[in-house]
2 protein chains.
Amino acid sequence: MIDHIGEKGLQRAELAQRTGCNLETIRYYEKIGIMPEPPRTASGYRVYYERHVSRLRFILRSRELGFTIEGIRGLLDLVDGGTQTCAEVKERTERHLADVRAKIADLGRIETVLAATAAQCSGERVPECPVLETLGS
Amino acid sequence: MIDHIGEKGLQRAELAQRTGCNLETIRYYEKIGIMPEPPRTASGYRVYYERHVSRLRFILRSRELGFTIEGIRGLLDLVDGGTQTCAEVKERTERHLADVRAKIADLGRIETVLAATAAQCSGERVPECPVLETLGS
DNA sequence: TCTTGAGTCTGCATTTACTACAGACCCTAT
DNA sequence: ATAGGGTCTGTAGTAAATGCAGACTCAAGA
């Protein structure tokens with residue numbers, strides 16, 4: 001029963017804890033409009049339910065996959081819009097996949113240079129350091 | 001003689017053009033103290049020389065290799081301090097190399113998930129999109 | 001000589017995606 | 001009753017630039 005959310009719902013900190021999201025980030029996502037404004041208690045405390053947990057997990061998962069907020073917003077629009085077209089989602093995913101692959105390639109080049117640079121270096125006290133030479137050239 | 005900088009030096013836009021750096025970024029690097037304050041003309045225009053070109057190239061190259069500004073500052077301190085120890089530089093490079101490798105590994109995992117997700121998707125108009133399912137799960 | 005257009009100067013605002021306060025409430029347990 | 005947590009709001013700060021407004025300067029053409 002640990003996972004079940006009853007009628008009383010969750011407080012902000014509980015939602016944060018359940019999703020692993022930072023406490024303040026929840027409020028931020030509400031502010032920028034990717035999380036809905038939740039109902040409030042009489043005294044103004046936010047109350048979250050199952051659907052908020054799902055939505056926040058969706059957002060966090062997308063974030064982990066490197067989507068920008070605008071990218072996530074686009075994905076959510078599709079979800080919210082009830083669009084039946086999978087094609088758009090696929091296209092966005094594939095475009096993002098290309099970005100990720102490009103980034104991997106860039107980092108691969110950087111790795112090569114760094115590794116070569118570090119390897120050249122004896123680590124001894126010498127007047128000219130090959131790392132600095134490489135960077136400066 | 002295109003590359004030679006005479007006594008008259010370069011204007012900011014010329015330095016930007018030679019190094020491929022954004023015009024405003026030069027001023028920013030001066031402000032945060034990684035580029036020196038250059039001499040000025042009587043009317044207050046900055047004047048740059050060979051040494052400024054070298055230093056900016058060093059900074060940009062380090063940036064391309066993914067060093068943060070603080071990382072670059074550290075490298076420059078070593079250069080400016082005239083420290084004869086190559087060991088420190090090597091250590092920083094290797095630490096950074098480890099970071100880069102970790103980032104590549106992360107992106108590799110993301111790539112796997114994205115590729116698998118996109119592959120599952122037919123692109124047709126179906127009520128449930130596997131990409132959204134994956135993200136939402 | 002005057003004007004026009006391009007370049008420069010300064011400081012400030014904007015960007016992305018959060019994170020962290022401060023100061024005021026609220027709620028529960030002792 | 002009070003102590004401690006939690007929550008609320010709005011605002012400020014972070015990295016690393018980038019962009020802009022409004023004033024100034026400079027060189028070339030009419």
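As the structure is a computational prediction, the values presented were derived from the model and not from experiment.
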For residues 30-42 of chain A, run the donor-acceptor check on the side chains, cut-off 3.5 Å, and write out each pair with its distance to 0.1 Å, sequence neighbours left out.
residue: A/E30; atom: OE1; partner: A/R46; partner atom: NE; Å: 2.8
residue: A/R40; atom: NH1; partner: A/G44; partner atom: O; Å: 2.9
residue: A/T41; atom: OG1; partner: A/S43; partner atom: N; Å: 3.4
residue: A/T41; atom: OG1; partner: A/S43; partner atom: OG; Å: 3.2
residue: A/T41; atom: OG1; partner: A/G44; partner atom: N; Å: 3.4
residue: A/T41; atom: OG1; partner: A/Y45; partner atom: N; Å: 3.0

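Taking only side-chain nitrogens and oxygens, B/T25 comes nearer than 4.0 Å to OP1 or OP2 of D/dT18. Considering only side-chain N and O atoms, B/T41 lies nowhere under 4.0 angstrom from the phosphate OP1 or OP2 of D/dT25.
Protein atom CD of B/E64 is 16 Å distant from nucleotide atom C1' of D/dA16, rounded to whole Å. The nearest whole Å value for the distance from the CD1 atom in B/I72 to the P atom in D/dA15 is 14 Å. Taking atom CZ on B/R63 and atom P on D/dA15, their separation rounds to 16 Å, with Å as the unit. A/L15 has its CG atom 10 Å from the P atom of D/dT7, to the nearest Å. Distance A/L23 CG to D/dT9 P: 12 Å, rounded to the nearest Å. When rounded to the nearest whole Å, the span between CG of B/L56 and P of D/dA17 equals 11 Å. One can place CD1 of B/I59 at 16 Å from C1' of D/dA15, the figure rounded to the nearest angstrom.
Here the side chains of B/S62 and B/L75 are in contact, with some heavy-atom distance below 4.5 Å. Residues B/L10 and B/V53 are in side-chain contact: their nearest non-hydrogen atoms beyond the backbone lie under 4.5 Å apart. At a threshold of 4.5 Å between non-hydrogen side-chain atoms, the residues B/V47 and B/Q11 do not count as touching.
For DNA chain D, the neighbouring residues in residues 29-40 of chain A, judged by any heavy atom under 4.0 Å, are A/R40.
One end of the helix from C/dT1-D/dA30 to C/dT30-D/dA1 points its axis 30° away from the other end's axis, with each axis taken from 5 pairs and the angle rounded to 10°.
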Evaluation steps, side chain to side chain contact (heavy atoms under 4.5 Å, CB included), between B/I59 and B/E64: CA-CA 9 Å; B/I59 292 168; B/E64 268 172 38; over 6 Å; no
I'd like to know whether A/Y28 forms a side chain to side chain contact (heavy atoms under 4.5 Å, CB included) with A/N22, so could you lay out the CA-CA distance, the side-chain angles of the two residues, the decisive distance to 0.1 Å, and finally the verdict. CA-CA 10 Å; A/Y28 171 69; A/N22 176 288; over 6 Å; no
The test is salt bridge (Lys or Arg N to Asp or Glu O under 4.0 Å); show your working for A/R95 and A/E91 and say whether it passes. CA-CA 6 Å; A/R95 220 176 324 135; A/E91 210 239 300; 3.1 Å; yes
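When all heavy atoms of A/L60 and A/C21 are compared, the closest pair comes out as CD1-CB, 3.7 Å. Between B/E14 and B/G9, the shortest heavy-atom contact is OE1-O, 4.3 Å.
Backbone-only contact: A/T68 has heavy atoms under 4.0 Å from sugar-phosphate atoms and none from a base.
A 4.0 Å heavy-atom criterion places the boundary nucleotides of DNA chain C facing chain B at C/dG7 to C/dG11, written 5' to 3'.
The side-chain contact (heavy atoms from CB on, under 4.5 Å) search around A/Q17 returns none, not counting sequence neighbours.
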Give each protein N/O atom lying under 3.5 Å from an N/O atom of nucleotides 19-23 of chain D, with the pair distance.
residue: D/dC20; atom: N4; partner: B/E24; partner atom: OE1; Å: 3.1

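A donor-acceptor distance shorter than 3.5 angstrom exists from the side chain of A/R57 to the backbone of A/R18, with no hydrogens or angles considered. Between the side chain of A/T68 and the main chain of A/G71, a donor-acceptor pair closer than 3.5 Å is present. Side-chain N or O atoms of A/T19 include one that pairs as donor or acceptor with a backbone N or O of A/L15 at under 3.5 Å.
Between B/I69 and B/A42, it is B/I69 whose nearest contact on DNA chain D lies nearer the 5' terminus.
The aromatic rings of A/H52 and A/Y48 sit perpendicular, their planes meeting at an angle over 60°, well past the 30° parallel limit.
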